[in-house]
Number of protein chains: 2
Amino acid sequence: MPNKKNEDLPGKTVERLSQYRRLLFNSLQEGKTNIYSHELARLMNLTPVQVRRDLMLIGYSGSQSKGYIIKDLVNLIGKIIDSDTGQRIAIVGMGNLGRAITSYFLGKREKLSIVAAFDNDPQKTDRIIAGVPCHHINKLKEIVPAESISIAVLTVAPEATYEVAKQLLEAGIKGILNYTSVPLTVPEGVHLEEYDIITSLEKLAFHVK
Amino acid sequence: MPNKKNEDLPGKTVERLSQYRRLLFNSLQEGKTNIYSHELARLMNLTPVQVRRDLMLIGYSGSQSKGYIIKDLVNLIGKIIDSDTGQRIAIVGMGNLGRAITSYFLGKREKLSIVAAFDNDPQKTDRIIAGVPCHHINKLKEIVPAESISIAVLTVAPEATYEVAKQLLEAGIKGILNYTSVPLTVPEGVHLEEYDIITSLEKLAFHVK
DNA sequence: TTATTATTGTGAAAAAAATTACAACTTACA
DNA sequence: TGTAAGTTGTAATTTTTTTCACAATAATAA
């Protein structure tokens with residue numbers, strides 16, 4: 001039994017692990033093999049202690065002389081945040097944002113794949129967009145289970161949000177990443193992550209003021 | 001001197017104020033005039049106490065019988081998070097994401113306006129896209145000061161991020177909202193907000209796992 | 001009038017996250 | 001050999017954020 005530890009990793013640490021991995025991957029490709037906590041911290045805009053603490057929490061040990069072995073660290077992070085079997089994702093709403101996410105994401109992660117898109121515009125449905133088959137939204141309940149999709153990225157218009165979310169839940173979705181400006185509520189056992197661009201802009205504007 | 005208070009509002013509270021306002025605005029349009037903390041909490045997926053505490057922090061008082069007066073609250077939040085003069089924003093990188101943000105945002109906020117876009121693709125420059133004039137990126141240093149742009153939304157390709165950020169800083173930008181996957185460092189006095197879609201997806205995937 | 005219920009406001013406690021401080025180790029080199 | 005410099009690992013502290021607990025108040029109904 002490796003670690004029950006994973007489930008009680010601080011949420012912030014999980015976020016950072018994902019970012020560490022991307023940066024470490026870049027470093028690998030630049031030919032680096034080892035990295036010190038202060039180097040990684042600099043890339044991430046963090047303090048070295050925070051890096052060390054995060055790595056401590058996942059049980060990774062470096063050496064005083066060489067720091068951390070990038071390859072090992074990348075693998076370990078993968079063991080922690082990736083699922084063994086891989087997870088399948090649907091983009092719901094193929095507007096600008098849906099397409100942006102799809103094309104940005106495509107092929108970037110081995111264990112996460114966008115396998116379907118949905119839209120209500122007949123112009124967009126029943127063809128392949130940005131490399132992903134786009135279905136009419138009324139096929140949601142059929143395709144989500146058939147394709148073993150566990151995660152949905154919601155990028156529909158605000159007024160459609162509620163109804164589409166309802167269908168996703170009925171289709172047995174396990175996680176929703178909600179980019180609409182309409183806050184959702186989901187039942188126990190379903191995970192929800194919300195992000196609103198205007199909120200971020202207003203927060204930034206407040207601090208700039 | 002109204003309140004130095006504003007500057008030391010907790011960051012999380014500022015984020016929530018922006019969201020409160022949007023939801024309150026919806027309620028107003030539905031004809032509601034008053035709202036209780038538990039109602040607002042429900043809309044936001046928060047506890048009533050947290051709502052009350054946030055409002056306490058901005059110095060707004062409700063009544064035990066009627067709760068909060070929506071109109072007054074909307075105005076007060078505006079006084080706190082909006083700048084008096086308004087703030088001008090540029091979208092840098094007019095790909096799918098840049099266009100998504102632009103069209104999503106257009107006209108939504110009185111005190112925040114997207115006044116320019118930049119791209120390096122001649123197909124896109126020197127014309128109006130999603131209602132905003134799109135310039136070639138090499139005019140950045142000229143147009144940012146000329147248009148009094150204080151905030152930039154970065155949606156360029158990863159490999160261009162560093163160079164474009166440098167130019168923005170040289171042009172005197174005050175805040176950057178970075179949607180590329182490349183973490184930036186900015187000098188003292190410039191505000192930076194970073195968001196990465198893949199990180200969010202991976203975090204969600206981790207919890208769904 | 002007097003309970004009863006529902007609400008706000010807020011001090012105090014708890015929980016989560018970040019930072020400080022420092023012991024322990026490794027290497028380089030005088 | 002011994003010491004100086006640079007590193008990791010982690011306990012302890014501090015800071016930030018959330019939650020708990022409850023007093024105060026208003027409206028309602030018995």
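Letters A, B, ... mirror the listed sequences (proteins, then strands); counts begin at 1.
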Quiz prompt | Reading 5' to 3' through nucleotides 19-30 of chain C, protein heavy-atom contacts under 4.0 Å coded B for base, S for sugar-phosphate only, - for none | solution = BBB---BSS---
Quiz prompt | Nucleotide nearest A:Tyr36 (side chain, heavy atoms from C-beta), chosen from C:dT7, C:dT10, D:dT8 | solution = D:dT8
Practice problem: Fit a plane to each ring of B:Tyr195 and A:Tyr195, take the angle between them on a 0 to 90° scale, and name the class: parallel (under 30°), tilted (30 to 60°) or perpendicular (over 60°). | Solution: parallel
Working to the nearest 0.5 Å, report the span between [atom1] of [X] and [atom2] of [Y].
X: B:Asn75; Y: B:Ile69; atom1: CG; atom2: CD1; answer: 11.0 Å
X: A:Ile91; Y: A:Ile101; atom1: CD1; atom2: CD1; answer: 5.5 Å
X: B:Gln87; Y: B:Ser113; atom1: CD; atom2: OG; answer: 9.5 Å

Quiz item: Between D:dT17 and B:Thr13, is there an OP1 or OP2 to side-chain N/O distance shorter than 4.0 Å?
Solution: no
Quiz item: Does a nitrogen or oxygen in the side chain of A:Tyr68 sit under 4.0 Å from OP1 or OP2 of D:dG9?
Solution: yes
To the nearest Å, how far apart are [X] [atom1] and [N] [atom2]?
X: B:Asp54; N: D:dT18; atom1: CG; atom2: P; answer: 8 Å
X: A:Tyr60; N: D:dT8; atom1: OH; atom2: C1'; answer: 12 Å
X: B:Glu15; N: D:dT16; atom1: CD; atom2: C1'; answer: 13 Å
X: B:His38; N: C:dT5; atom1: NE2; atom2: C1'; answer: 13 Å
X: A:Leu55; N: D:dT10; atom1: CG; atom2: C1'; answer: 13 Å
X: A:Leu40; N: D:dT8; atom1: CG; atom2: P; answer: 10 Å
X: A:Asp8; N: C:dA15; atom1: CG; atom2: C1'; answer: 14 Å
X: B:Asn34; N: D:dA27; atom1: CG; atom2: P; answer: 12 Å

Quiz item: Do B:Arg88 side-chain atoms and B:Glu147 backbone N/O form a donor-acceptor pair below 3.5 Å?
Solution: yes
Practice problem: Walk me through it: do B:Glu15 and B:Gln19 pass the test side-chain hydrogen bond (donor to acceptor under 3.5 Å, both in side chains)? | Solution: CA-CA 7 Å; B:Glu15 283 177 33; B:Gln19 297 177 288; over 6 Å; no
Self-check item: B:Pro10 or A:Ser63, whichever maps to the more 5' nucleotide of DNA chain D
Solution: A:Ser63
